[in-house]
Amino acid sequence: MSDAHSDDLLAQVAALPPLPGVYRYFDSDDGLLYVGKARNLKKRVSSYFTKTQVGTRIAHMVGRIARLETTVVRSEAEALLLENNLIKSLQPRYNILFRDDKSYPYLKMTGVSVKDGTGDDPSQRFARLAYYRGKTDKKHRYFGPYPSAWAVKETILLLQKVFRLRTCEDTVFANRSRPCLLYQIKRCSAPCVGLISPQAYAVDVAHAEALLRGEAAVVMDALQQSMLAHAERLEFEQAAELRNQIGALARVLHQQSVETSHDKDVDILAVRVQGGRACVNLAMVRGGRHLGDRAYFPVHVDHAAALEEARAEEGESAHEAERADGQPALALSVEALVLQAFIAQHYLDVPVPPVLVTSEPVERTLLDALGTHAGLRINAVHQPREQRRAWLDMAQNNAQLQLTRLLAEEGSQQARTRALAQALDLPQDDLDQLRIECFDISHTAGESTQASCVVFQNHKMQSGDYRRYNISGITGGDDYAAMRQVLERRYGKVAEAQREAGGAEPATGAARLPDLVLIDGGKGQVGVAREVFAALGLDTSRIVGVEKGEGRKVGLEELVFADGREKVYLGKDSAALMLVAQIRDEAHRFAITGMRSARARVRTGGSRLEDIAGVGPKKRARLLQRFGGVRGVAAASVVDLCAVDGISLELAQEIYRALR
């Protein structure tokens, strides 16, 4: 075994059992390097330490291993699921990672009893269509997921045209006295004012759900039979309504190409790799409808590909130990590695359809593990025909287009970062780690003052590091005082951490001073920033102000330095100025959206109702439903408030006083 590792680590490796499980490698700083799975932990982990791996990417990783953790599981399926759960949550450096900060949207059908239109609450008797993003529950019915908000809204519009289901909020529904505009344009049947019976509305809901499940032919047959039945009973008005509904459905099916195939729920997955980057394009078919696609761009592809290539050169594939038949396995291509990593990570949290159409072959072990997790059998089609082939070709083209766009954007952004570093004499040895923080102040006539801090690193904005600061204790409209307060709050902790470290600056983490601090403002704001940094003992040369040019025209901005250097005009076509403007504009956007939100809360009293003692979630919900919102509650009299269930005279008086 290697002499570079401690005896304790090597003894731990030697003592591993020949059982399935998951292993994790850590470096000396306790950073996670790699997560892997194995049918035989002892054989798999020992191979890293017993073979000569000079000059390979494996050797580089193994040389950094200082600690090992393992988890024994009962089966390969459990090992695979645990491995990818850990990869998603811990994000090791040498594994392929897919990051997606957006949950998938759903179409929600509200109402407990949507089949027969029964129930005490009118809003429950008449189900509502809604766009929804978040965790699902058993109170309502959910259809999806959809690849984009646009796909959900298009589906809602389709159902409005054909079945005229309501989309209004329950509070609006409960307080209508006449039909709204949607009824006039034939997008709603106006159940709010009793223009359709609960039973008839429930039939429309049932047909809408059937259409969402891909049963378009069944819905069409049911409508036709109902129309003929009305005609035989000489109920010509009802028959005409159904005739119009059938016509609308036929037009929608034709326009939307609903009946594209016998497939109802299918995901199409295509992979493209180029220039060290990869793209997975996921297209969704739900209920027989092609809903669109979404692109994913993994990181650490080069590390994972190099590990697989090194193993193949040594005669051991990364997946050889997972072969149940004991036969040697060929190394997976980079495309196959990326695809399998996506499937394993993506479908842990997202419902998986029974059929996957893929551009690369997928191991049966992976499909069986996901099937066990989801409770259904999953099949992957690698070489599809007919309609599936058309879908896959489209997904492959989209993957290539998205990857080409990404490479072009990254090249442009890296050029901007380099240009700014050169213009301001910033370190250029590792531009990926160049960190810029930008501050802006926003308020309306001194009301709801907020400061924003946005972060640029690794050639892109890092939204997860953004921060907003509520500014208090200053004269309204005093931007200098606001800037002083936010800089003291942000960098006071940095200065304290440096003092505790004996003056040394941490290389990473929140205590690290950024390479550049951008201030949206001229000499005045920069002067305030210089005073704050000088008082904290920090380097003032990192402070740069973005001063508006003549006539406040875009492209004429000048850079103002806190250390006394002369102003710099980079030129309106400068790549460096484009980056500065991009970061400055993002700080302004982030500040102004926070300010508007805070101002809206103050003006509507949205937070004050929650702060009243004795008004819990249930009473607050009753008040909002009764009066149609916070403004309605604020306008109500004490007598009106007492009429709400659970609101006593004393509490009504307290609410009345608090909202005045």
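Just so we're clear, the structure is a prediction, and the values are computed from it rather than from any experiment.
At a cut-off of 3.5 Å, with distance as the only test, a side-chain donor of N470 or Q450 sits close to an acceptor on the other residue. No side-chain N or O of D520 forms a donor-acceptor pair with one of H588 less than 3.5 Å apart. Judged purely by distance below 3.5 Å, without hydrogens or angles, the side chains of Q274 and Q400 pair a donor atom with an acceptor atom. For the residue pair T593 and R468, a side-chain donor N or O sits within less than 3.5 Å of a side-chain acceptor on the partner.
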Could you go step by step and tell me if E547 and K523 meet the salt bridge (Lys or Arg N to Asp or Glu O under 4.0 Å) rule?
-> CA-CA 8 Å; E547 186 177 65; K523 289 184 177 179; over 6 Å; no
What's the verdict on salt bridge (Lys or Arg N to Asp or Glu O under 4.0 Å) for R128 and D170, showing C-alpha distance, side-chain angles and the deciding distance?
-> CA-CA 8 Å; R128 168 182 174 242; D170 289 347; 5.4 Å; no
Please lay out, stage by stage, how M284 and D267 fare under the test side-chain contact (heavy atoms from CB on, under 4.5 Å).
-> CA-CA 5 Å; M284 293 182 176; D267 277 356; 3.6 Å; yes
I96 and F342: CA distance, side-chain angles, deciding distance, side-chain contact (heavy atoms from CB on, under 4.5 Å) verdict | CA-CA 8 Å; I96 296 176; F342 176 81; over 6 Å; no
Begin with the C-alpha distance, continue with both residues' side-chain angles, and end with the deciding distance and a verdict on side-chain contact (heavy atoms from CB on, under 4.5 Å) for L403 and R277.
-> CA-CA 8 Å; L403 185 57; R277 295 305 305 269; 3.9 Å; yes
Trace of the side-chain contact (heavy atoms from CB on, under 4.5 Å) decision for N95 with Q91 = CA-CA 8 Å; N95 289 97; Q91 301 186 353; over 6 Å; no
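With a 4.5 Å cut-off on side-chain heavy atoms, L406 and Q402 do not count as touching. For the pair I268/L282, no side-chain contact is recorded, criterion being any heavy-atom separation below 4.5 Å from C-beta on. Residues Y94 and P92 have side chains not in contact (no heavy-atom distance under 4.5 Å, counting atoms from C-beta outward). Taking the side chain as every heavy atom from C-beta outward, L401 and N281 never approach each other to under 4.5 Å. For the pair L431/Q414, no side-chain contact is recorded, criterion being any heavy-atom separation below 4.5 Å from C-beta on. Contact annotation: the side chain of L107 never approaches that of Y131 to less than 4.5 Å [non-hydrogen atoms, C-beta and beyond]. Looking at I583 and V546, their side chains never come closer than 4.5 Å, going by heavy atoms from C-beta outward. Contact of the Y34 side chain with the R93 side chain is not registered, since no non-hydrogen atoms from C-beta on lie closer than 4.5 Å.
A search for ring-ring contact (aromatic ring centres under 6.0 Å, His included) contacts involving Y25 returns Y23, Y48, not counting sequence neighbours. Evaluation of the salt bridge (charged side-chain N to carboxylate O under 4.0 Å, His left out) rule for D440 yields no partner, not counting sequence neighbours. For the ring-ring contact (aromatic ring centres under 6.0 Å, His included) test, no residue two or more places apart in sequence or in another chain qualifies with Y569. In this structure K88 satisfies the salt bridge (charged side-chain N to carboxylate O under 4.0 Å, His left out) test together with D349, sequence neighbours excluded. Judged as a side chain to side chain contact (heavy atoms under 4.5 Å, CB included), and not counting sequence neighbours, the contacts of Q582 are Q413, R416, M461, L579.
Between T110 atom OG1 and E169 atom CD the span is 9.5 Å, to the nearest 0.5 Å. Once rounded to the nearest 0.5 Å, the distance linking CZ of F297 with CG of L407 reads 9.0 Å. Within the model, atoms OH of Y656 and CG of L651 stand 15.0 Å from one another, a figure rounded to the nearest 0.5 Å.
Remark: K567 is not positioned above the aromatic ring of F561, lacking an NZ or CZ atom under 6.0 angstrom from the ring centre and at most 45 degrees off the axis.
Ion pairing between a basic and an acidic side chain is recognised when a charged N comes within 4.0 Å of a carboxylate O; D432 and K460 show no such pairing. Ion pairing of K548 with E558 is absent here, as no side-chain N (NZ or NE/NH1/NH2) approaches a carboxylate O to less than 4.0 Å. The existence of a salt bridge linking R64 and D27 is confirmed by a sub-4.0 Å separation between a basic side-chain nitrogen and an acidic carboxylate oxygen. Salt bridge annotation for R584-E586: absent, with no cationic side-chain nitrogen under 4.0 angstrom from a carboxylate oxygen.
Using bins of under 30°, 30° to 60° and over 60° for the plane-to-plane angle, the ring pair H140/Y142 lands in the perpendicular bin.
Residue R499 comes nearest to L536 through the heavy atom pair NH1-O, 4.2 Å, listed as atom of the first residue, atom of the second, then distance. Of all non-hydrogen atoms in V526 and G521, the two that sit nearest each other are CG2-O, 4.3 Å. Closest approach of Q485 to I471, counting heavy atoms only: OE1-CA, 3.7 Å. The shortest heavy-atom contact between V280 and V271 is CG2-CG2, 4.1 Å. The heavy-atom pair separating N84 from A341 by the smallest distance is OD1-O, 4.3 Å.
With T475 contributing its side chain and D478 its backbone, the two residues share no donor-acceptor pair below 3.5 Å.
Legend: ring-ring contact (aromatic ring centres under 6.0 Å, His included) pairs involving residues 466-502, not counting sequence neighbours, sorted by first then second residue: F439-Y491, Y466-F590, Y491-F533.
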